[in-house]
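Side-chain atoms are counted along with the backbone in the values below, which use heavy atoms only and exclude waters and symmetry mates. The chains referred to below are lettered A, B, ... by the order of the sequence lines, with proteins before strands, and numbering in each begins at 1.
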Amino acid sequence: GENVEQHPSTLSVQEGDSAVIKCTYSDSASNYFPWYKQELGKGPQLIIDIRSNVGEKKDQRIAVTLNKTAKHFSLHITETQPEDSAVYFCAASWRGSTLGRLYFGRGTQLTVWP
Amino acid sequence: KAGVTQTPRYLIKTRGQQVTLSCSPISGHRSVSWYQQTPGQGLQFLFEYFSETQRNKGNFPGRFSGRQFSNSRSEMNVSTLELGDSALYLCASSSPRDRGQNTEAFFGQGTRLTVV
């Protein structure tokens, strides 16, 4: 099956700085890569996703890049704010006619200091 | 539009008991998946249901089972509970539109199960 590696496991940045989280995947058939943010006591919240036919996607301060050849994708958060502090998970999936199984990375605890 | 609703939010059970968790997907979503989240193993896939049929199953023992009803609501059951079953159980719903169409998965708040 698919194996998703995520780095770093913890990340501390100053407010206003950028944060980058990187993930690699093993199965070249994976074609869907979502990112989730999980705050304490809550379920994961989808923040951005990218499909294999796209190399980059941006939504305000958040961007995701995908390199299919190298099988890695990254989350970029610019102008970080204290409310960005949370655990971030990357995932990979092959989506056919149904939802499909998400394979998750182990998570990155992001702390943004004011 | 209401999100994914999981009940109960918290549950304490004794070893050997069984438990049933419930998930109501977003209105119109027909696909429901279940995940177990623990500090040691992270997010692990349990199973996926679509139109009342189990489409995919993770690597969990037969004590873990689930079902989906005609209104897309889903339940999962764990029998003969073990201490290691203590975890946050998450449900995600999705609305596949066409074959081959990738769609987003939205998670509920989860049910925190503690086995003592």
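A/R101 is not listed as a side-chain neighbour of B/F47, based on a closest heavy-atom distance of 4.5 Å or more.
In the hydrophobic clustering of this structure, B/L46 does not group with A/V4; members are Ile, Leu, Val, Met, Phe, Trp, Tyr whose side-chain heavy atoms approach within less than 4.5 Å, directly or through other members. No single ILVMFWY cluster, assembled from side-chain heavy atoms under 4.5 Å apart, contains both B/F69 and B/Y49. When the side chains of ILVMFWY residues are joined at heavy-atom separations under 4.5 Å, either directly or via intervening members, A/V20 and A/Y88 end up in two distinct hydrophobic clusters. Taken together through direct or relayed side-chain contacts under 4.5 Å among Ile, Leu, Val, Met, Phe, Trp and Tyr, A/F89 and A/W35 form parts of separate hydrophobic clusters. Cluster membership for B/L43 and A/F73, using ILVMFWY side-chain heavy atoms within less than 4.5 angstrom, is not shared.
Taking each heavy atom of B/E104 and A/Y32 in turn, the nearest pair found is CA-OH, 3.5 Å.
In the displayed structure, A/Q60 atom CD is contacted under 6.0 Å by at most 12 heavy atoms of other residues, nucleotides or ligands. Other residues, nucleotides and ligands contribute over 12 non-hydrogen atoms within 6.0 Å of the CD atom of A/Q81.
Proximity to chain A at a heavy-atom threshold of 4.5 Å picks out nothing from residues 11-21 of chain B. When the heavy atoms of residues 106-114 of chain A are compared with those of chain B, the residues falling under 4.5 Å are A/R106, listed by number. Contacts between residues 73-83 of chain B and chain A, counted as heavy-atom pairs separated by less than 4.5 Å, involve no residue at all. Contact annotation for residues 39-50 of chain A against chain B (heavy-atom separation below 4.5 Å, listed by residue number): A/G41, A/K42, A/G43, A/P44, A/L46, A/D49.
Heavy atoms of A/Y103 lying under 4.5 Å from chain B are absent altogether. In this structure, chain A has a heavy atom under 4.5 Å from the backbone of B/Q41, while its side chain stays farther away. Contacts between B/R112 and chain A at a heavy-atom distance below 4.5 Å are absent for every atom of the residue. For chain A, the nearby part of B/L90 is the side chain; its heavy atoms alone come within less than 4.5 Å.
Taken to the nearest 0.5 Å, the CG atom of A/L102 stands 12.5 Å off from the CD atom of B/Q44. Taking OH of B/Y35 as the reference point, atom CZ of A/F104 lies at 5.5 Å (rounded to 0.5 Å).
With hydrogens and angles disregarded, no donor-acceptor distance shorter than 3.5 Å links the side chain of A/Y36 to the backbone of B/F106.
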